[in-house]
Amino acid sequence: MAETPSALPTTSGPLKTFTVGETHYTLLGTAHVSAESAEDVRKLIDSGVFDAVAIELCDARHHSMSNPDAMGEQDLFQVFKEGKAGMVAASLALGAFQQRIADQSGIQPGAEMRAAVEEASRRQLPLLLVDRDVGVTLKRIYSNVPWWQRFSLFSGLIGSVLSRQDISKEDIEKLKEGDMLEATFSEFAAESEALYTPLIRERDRYMALRLAEEAPPGRYQHVLVVIGAGHLKGTGEHLEAPLPADPKVERESLEATPPPSKLWKAMPWLITALVLTGFAIGFSRNTDLGWQLVLEWFLINGILSGGATIIALAHPVTVVATFFAAPLTSLNPTIGAGFVAAGVELYMRKPKVRDFSSLRHDVTQLKGWWQNRVSRTLLVFILATLGSAVGTWVAGFRIAGALFGG
């Protein structure tokens with residue numbers, strides 16, 4: 001028989017217990033950068049009440065916490081090839097913001113999660129990872145937010161890296177108040193339901209479903225669930241309500257990422273067809289006009305994409321290679337200028353062991369993104385891609401103006 005909530009030690013953070021059948025789920029709301037939250041976790045596990053521990057981590061973040069050099073194990077070339085560079089850069093930006101707070105407070109990010117992992121291992125308790133993969137969450141945020149709002153989302157990530165505002169210990173501890181943390185997220189989301197839903201509301205539901213899968217009523221007597229305070233209310237409400245008999249089906253639906261629309265997938269091919277048609281019309285009217293359009297296409301694409309890699313302080317060979325590659329890749333949707341630029345940069349400046357080991361700390365400062373070879377290669381990829389995209393539209397309108405502008 002599981003012990004009642006009154007038998008639990010007193011904690012500084014909010015604590016709620018929900019009973020489903022014969023299983024008690026005790027949810028501890030924590031601040032992700034807090035010595036008190038970590039101590040709460042240790043006290044609760046040391047109480048001997050619990051026979052399982054669930055934490056707000058996914059497999060990827062648990063692996064990263066267990067192996068801080070996990071980034072160094074990735075094949076960067078494969079990251080670019082699979083189109084994951086944007087997700088990696090966004091994850092680094094989010095991690096940089098959390099690390100900056102940790103540097104100010106003297107507490108490592110996720111101290112309470114690390115404490116839960118260590119104490120569960122020491123007491124040989126099952127450790128349940130119940131959060132959704134961070135990459136899936138970022139993709140669902142990106143898909144859920146209208147395209148015209150994505151720039152503000154990107155700029156918000158950049159702002160979190162650039163901001164140097166100090167955060168006091170008292171302010172960090174206030175984040176344990178669930179309503180305030182939810183309000184903080186709402187403010188970050190600029191009162192956008194499209195952002196709040198995948199960032200908070202979906203994950204509340206997801207974690208409840210994962211608990212129903214990993215710790216269904218009857219498997220354990222008393223489960224400690226360590227989650228951020230902002231998820232305490234929502235996850236608890238889902239545990240109180242009847243959950244589906246087969247939670248896996250709904251859980252998998254929350255892991256799915258909507259495929260791009262057919263129009264969006266066809267857009268690069270349509271642009272290529274329009275540009276080539278423009279060249280053909282130009283040559284049919286006048287050979288000199290045709291060559292003029294080709295030259296302008298080449299120069300505009302090459303200068304904007306190659307120039308963007310200069311901003312990233314790319315190797316001179318990378319700059320030259322991107323200049324010549326961008327006009328061609330813009331007419332070939334199967335390969336991008338960013339992929340070529342990143343590949344050349346990796347060849348010319350292969351990241352060293354120290355770049356991977358210092359990556360987490362380097363990206364907490366703006367200059368560190370340029371000094372570290374890993375993050376600089378990501379910048380080369382992103383800026384070359386953006387430069388090529390801008391070049392394609394500018395050159396495209398230039399061709400249209402030359403042909404139909406009168």
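Nothing fancy with the numbering, it's 1 onward along the sequence. Note: hydrogens, waters and symmetry copies are ignored here, and every other heavy atom, side chains too, is used.
- Checked by atom type and distance alone, the side chain of R373 pairs as donor or acceptor with a backbone atom of K350 at under 3.5 Å.
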Determine all donor-acceptor pairs shorter than 3.5 Å in which one atom belongs to a side chain in residues 307-314; sequence neighbours excluded.
residue	atom	partner	partner atom	Å
T309	OG1	G306	O	2.5

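- Residues Y25 and T17 are not in side-chain contact: their nearest non-hydrogen atoms beyond the backbone lie 4.5 Å or more apart.
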Discussion item. Between R349 and H315, does the side-chain hydrogen bond (donor to acceptor under 3.5 Å, both in side chains) criterion hold? Intermediate values first, please.
Written reply: CA-CA 8 Å; R349 289 171 171 163; H315 191 281; 5.1 Å; no
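- Looking only at distances, no side-chain donor or acceptor of R210 sits under 3.5 Å from a matching main-chain atom of V130.
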Practice prompt. Give the intermediate values and the outcome of side chain to side chain contact (heavy atoms under 4.5 Å, CB included) for residues F404 and I281.
Written response: CA-CA 11 Å; F404 309 109; I281 294 173; 4.2 Å; yes
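- No side-chain N or O of E250 forms a donor-acceptor pair with one of Y206 less than 3.5 Å apart.
- Under the side-chain contact (heavy atoms from CB on, under 4.5 Å) criterion, A212 pairs with L243, P247, not counting sequence neighbours.
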Practice prompt. Any chance you could lay out the side-chain hydrogen bond (donor to acceptor under 3.5 Å, both in side chains) test for E345 and T318, step after step, and finish with the verdict?
Written response: CA-CA 6 Å; E345 185 69 14; T318 303; 2.7 Å; yes
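- Contact detail for R205 and L254: the closest heavy-atom pair is CG-CD1, 4.0 Å.
- Considering only heavy atoms from C-beta on, V294 comes within 4.5 Å of F283 through its side chain.
- At least one side-chain heavy atom of L331 sits less than 4.5 Å from a side-chain heavy atom of V275.
- Applying the side-chain contact (heavy atoms from CB on, under 4.5 Å) test to Q371 and every residue at least two apart in sequence or in another chain returns K367.
- With S121 contributing its side chain and V117 its backbone, the two residues share no donor-acceptor pair below 3.5 Å.
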Discussion item. Could you go through R219 and E214, starting from their C-alpha distance and side-chain angles, then the distance that decides it, and tell me whether this counts as salt bridge (charged side-chain N to carboxylate O under 4.0 Å, His left out)?
Written reply: CA-CA 9 Å; R219 178 174 297 177; E214 299 294 327; 5.1 Å; no
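- Side-chain rings of F298 and F323 approach one another, their centers coming within less than 6.0 Å.
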Item to complete: Just do the side chain to side chain contact (heavy atoms under 4.5 Å, CB included) check on L28 and L44 with the steps written out, would you?
Response: CA-CA 9 Å; L28 171 66; L44 287 169; 3.7 Å; yes
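- Residue pairs meeting the salt bridge (charged side-chain N to carboxylate O under 4.0 Å, His left out) criterion with at least one member in residues 380-404, sequence neighbours excluded, are E296-R398.
- Minimum interatomic distance between G278 and L293 (heavy atoms only, all atoms of both residues): O-CD1, 3.8 Å.
- A heavy-atom distance below 4.5 Å is not found between the side chains of D59 and D133.
- Smallest separation of non-hydrogen atoms from V20 and L239: CG2-O, 3.7 Å.
- With sequence neighbours left out, the side-chain contact (heavy atoms from CB on, under 4.5 Å) criterion links A321 to V344.
- Using a cutoff of 4.0 Å between basic side-chain nitrogens and carboxylate oxygens, R132 and E255 are not scored as salt-bridged.
- Between G230 and I200 the shortest heavy-atom distance is O-CG2, 4.3 Å.
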Fill in: side chain to side chain contact (heavy atoms under 4.5 Å, CB included) between N301 and S388, worked out
CA-CA 6 Å; N301 269 273; S388 179; 4.2 Å; yes
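- Within the 3.5 Å criterion, the main-chain N or O of Y220 finds a donor-acceptor partner in the side chain of T23.
- Here the side chains of P244 and L209 are in contact, with some heavy-atom distance below 4.5 Å.
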Discussion item. Apply salt bridge (charged side-chain N to carboxylate O under 4.0 Å, His left out) to residues K233 and E237 and explain how you reach the verdict.
Written reply: CA-CA 6 Å; K233 180 174 178 287; E237 288 175 349; 3.1 Å; yes
Worksheet entry | Trace of the side-chain hydrogen bond (donor to acceptor under 3.5 Å, both in side chains) decision for H24 with T19 | CA-CA 4 Å; H24 303 290; T19 301; 2.8 Å; yes
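- For the pair V225/V223, a side-chain contact is recorded, criterion being any heavy-atom separation below 4.5 Å from C-beta on.
- Remark: D246 engages K248, V249 in a side-chain contact (heavy atoms from CB on, under 4.5 Å) (not counting sequence neighbours).
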Item to complete: Would you check, one step at a time, whether the test salt bridge (charged side-chain N to carboxylate O under 4.0 Å, His left out) holds for D131 with R61?
Response: CA-CA 10 Å; D131 198 10; R61 282 180 290 163; 2.3 Å; yes
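- Closest non-hydrogen pair, T30 versus E112, comes out as OG1-OE2, 2.9 Å.
- Here the closest heavy-atom approach between residue T26 and residue H222 is recorded as OG1-NE2, 2.6 Å.
- Side-chain contact between F50 and L8 is present, with at least one heavy-atom pair separated by less than 4.5 Å.
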